Amino acid sequence: MFLKGLSLRSLGNRRWLPPLWGLTAALVMALGAGCTSEQSNLVGAGLHEARYDSLHLLKILDFDDFGNLEIEDIPFTQNRVLYIGRQGDERSAILVRYDFETWLDTIQADTDTSNIKRFNLILYFPNHYNNLRALDGTTITKVFQIQNLAAPLDSTVYPGDRPAVEPELINATPNDTIDINSPQTIPLRPEVLLGWYASHNGIMISEDEDLSVDEGLMGVASNEFDFAGSQLELDDDDTTVGVVLQIEFKEPAGYTDVLRPAVDLSTWDHIAPAPDDPSEGIVLRTHLRSYPYLDFDLSTLPENVLINRAVLGVYNDTTRSYGPLTNIICAEIDSSFVASVVDSVTLDDLGDAVASVTGRTSLDPYHLQRLEFNITRSLQRVVNGVFEDPIRYILCAAEDFFPTYDVSSVDPDFQLARFHFFGTTALDTLRPYLDITYTRIDELTEGGE
Amino acid sequence: MFTPRCLASLPGFPGDPVPGTSRRWLTIRRLSCLALAALCCWTSPASAQGPFALLNLGSSIQVHDARITGRGGWGMAEQDTLLPGFKNLASLAPLQGVTILLSGYAEGRDSQSDGTGRKTRRVLTPTVRAAIPLLGNRGALTAGFLGRRATEFSYTQPQTWQAGDLVVEGTEDFLRDGTQFEIPIGLAWRFSPIIAVGASVNLVRGSINETLNNFFDTDADGNGVVDYLPRSRSVNDELSGTSSTFAFLVSPFPRFQLGGSFTAAHEVEMKRHLEIGGVAAKADSSFSVQMPLAWSAGCNIRFSPRWRFGLDYDYQAYSEFSGRDDWAADMVDEWTWACGFERDRESVRRGGWSNLPIRFGAAVRQWGYKVGGNEIDELQLTFGSGFPLQRGSGHLDFAISHVWVGDLDRNGSEDRIWRVTVSVIGIEKWW
């Protein structure tokens, strides 16, 4: 309707000109409203002097606080992996006791050994230990010795010294070297079985350190092992795992029976404690979990700085570290919490006290050289005085309360990994450090509030 | 005998449409004006100005309406009570109706520096003025808003920083923005048909914001992730002050008017808020700067029944600025010479194009601060025209300007600008 009167002829009428000019001006303004401007570029840069010049560096090597938190959640007899062998300062043997009362239904107590075709002890090694090789690439071999306990097994005293054992070895071939591959069958003398019917205190499986050339703590599936599908190379998921006894009879031909342990545990008769003094190193350990916490001395860091980059770094002592690939998380933890810990903490309490900063995955203790965590944002919060309670940085394995890094099917209590990082008395090039790249904000220091 | 247009009778105003104009026609005109006004109000702060705005007080904003702009910028000696010029307060004294001025401009700018160029487009609505007649057209009250300076520009450049033995690469972004504006509240009074005076109190407000960002690209850990947090420094200066302006306009001869104004030196308090991105501490401080006096003078002479020539000189003694040493070191007196011609509107029936007003002029300006060690010179050539709104209810004007700012060799940067200025002056006669 409005445009009905608009025609070429009417355009010549000057009464149309004001609205046409108005609309044209509106259109020009709309087009010019910035939407067609080119993006910011170099133009103007030469006229203006940049304010920031350099980045400052600060390397902090001294600690303000250091300690370890021991985690005790899993009853010692319920570990799903048992350990045998030696590695560094650690030593462990496996103690097992069987309950033969349940077996009496299938085996005649007065049976002599004539119908026993084979009598074996079977060890299942989790994947990490299966065909484990030494650093030089050679296959690790072991010589195991198996002995009867002199007294009934008391599971409550472990970790502890190894129990007294009868001197006689019950291996059928005691001096044989075995490769660590799963399952490993160790023949036992059949007459031992008859003796166990009468009296069974339990057995100790240990490494013959005189004959075993290769160092190495070996993990063995325990009675509680319930991750067969992912942690053991088994053809059959129904395979009974653990330190099991296997009896194969001549008659009926091919008949085999298996007995699982009633009690099984590791002695851990030598466990090197995590150092309390950072000069002796920093140790993170899974299985028997021990997590170190530390705090660097920030007194040399100026006030009101902008942290552009902060890296907490440690160097791994590969000669003292071992175990499977491990995820390690650097987390904040309240200083009041670590100060309140007497001996150990529970996982729940630890989970409530920590906040993840960052983490690294699939760390190989045999080959890892330097481990760094970028804690830039966390340190900025420290500088900003965000925390009422000063924080420490704790290094933890991938517990459930670190869901980003808890990607494995098993928890850190499952297998043993030990990372030994150089301490504060090591060479400067190997010491723990906090590398800070920062920007000085003198204006804030002079007039800030 | 020439009759000042202020004395032209309002009834029967030549711009009135013929009787019997249809309602449809009225609606279209109203809609077009509303669209323009709405668009002017909608326009946001400019996306970019010029590189000179990165420094010192920033660039001046063209505050004049399209009519004054079209004739080069002169307006101190304006004496038009139907289409008043707000450049000289005293010229408002014989105002005959409530007047509202809305003026804005769109510009395309080609900036050259640092071996490259950047084209920007922007729209500004720096001026909104209103005036109300008092006591039988002997005086007027006025208030409004006019932008004075703007500091909108940004740049991005690759940069490296030394961090110990490591060279960290990244980009440096700098953004400066903010507008300095005035809210004048004034009074004009005509003692006789020959002499009028005016005075205003101007609330000086505004802000200058600077944000410097460093974004780092270096991956020091070698894990594919940039591990340096960017740094950002943001400074916000809020300006607050009051100035006063006094003006006069004399018409000693029918063909000649002379006008002038004076704004006293005044203090502007600047409250500074400093923030560093990521750092909790903030810094607030304040300081004062002394804005120097400013004055303007101008005249116009009618040398034919329809043609006038005008000349203005604007001056502000920025060499006497104090309060910020980093600015003061580069400051020089700012002055502008503006001159131009105007052919008045005519209302001859079927006059066609010959009825239109024609304006053209030129202005030469020296900016208030040096860049690259040399003064910034500006040359502006303008052309403009306009149309009456119906029933003498106002005027719609436009001006087209081409501006040269700075010199690449002398200042390290230069701008070439095409600018379209549009203004609407509305007069309500019910008052």
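None of these values were measured; they are calculated from a predicted model.
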Participant: Has A/Asn304 got a side-chain atom pairing as donor or acceptor with B/Val279's backbone, closer than 3.5 angstrom?
Facilitator: no
Participant: Less than 4.5 Å to any heavy atom of chain A: does that hold for the side chain of B/Thr218, its backbone, both, or neither?
Facilitator: neither
Participant: Return the minimal non-hydrogen interatomic distance between A/Gly44 and B/Pro51, and the atom names on each side.
Facilitator: CA-CB, 3.8 Å
Participant: As an exercise, state the distance from OG1 of A/Thr439 to CZ of B/Arg233, rounded to the nearest 0.5 Å.
Facilitator: 12.0 Å
Participant: For residues A/Glu38 and B/Arg118, report the shortest heavy-atom separation together with the two atoms involved.
Facilitator: O-NE, 3.1 Å
Participant: Mark yes when over 12 heavy atoms from residues, nucleotides or ligands other than A/Lys59 sit less than 6.0 Å from its NZ; otherwise mark no.
Facilitator: yes
Participant: Applying side-chain contact (heavy atoms from CB on, under 4.5 Å) to A/Leu47 and B/Tyr155, what does each step give before you reach the verdict?
Facilitator: CA-CA 10 Å; A/Leu47 305 181; B/Tyr155 67 80; over 6 Å; no
Participant: Using a cut-off of under 4.5 Å for heavy-atom pairs, which of A/Leu42, A/Val43, A/Leu57 has the most such pairs with chain B?
Facilitator: A/Val43
Participant: Using a heavy-atom distance cut-off of less than 4.5 Å, which residues of residues 328-337 of chain A contact chain B?
Facilitator: none
Participant: Of the backbone (N, CA, C, O) and the side chain (C-beta and beyond), which part of A/Val305 lies under 4.5 Å from a heavy atom of chain B, both, or neither?
Facilitator: backbone
Participant: Out of curiosity, A/His48 NE2 to B/Glu210 CD, how far, rounded to the nearest 0.5 Å?
Facilitator: 5.5 Å
Participant: So which part of B/Leu54 gets closer than 4.5 Å to some heavy atom of chain A, the side chain, the backbone, both or neither?
Facilitator: both
Participant: Looking at every heavy atom in both B/Gln157 and A/Ala45, which two are closest together, and how far apart are they?
Facilitator: OE1-CB, 3.6 Å
Participant: Look at B/Gly108, B/Gly278, B/Gly412 and state which one has the largest set of heavy-atom pairs under 4.5 Å with chain A.
Facilitator: B/Gly278
Participant: May I ask you to list the residues in residues 372-380 of chain A that approach chain B closer than 4.5 angstrom, counting heavy atoms only, ordered by number?
Facilitator: A/Glu372, A/Asn374, A/Thr376, A/Arg377, A/Gln380
Participant: Are more than 12 heavy atoms, taken from residues, nucleotides or ligands other than B/Glu169, located less than 6.0 Å from that residue's CD atom?
Facilitator: no
Participant: Give, as side chain, backbone, both or neither, the part of B/Asn411 having an atom under 4.5 angstrom from any heavy atom of chain A.
Facilitator: backbone
Participant: B/Pro230 and A/Leu306: which non-hydrogen atoms are nearest, and at how many Å?
Facilitator: O-CD2, 4.1 Å
Participant: Side chain, backbone, both or neither: which part of B/Tyr228 has an atom under 4.5 Å from a heavy atom of chain A?
Facilitator: both
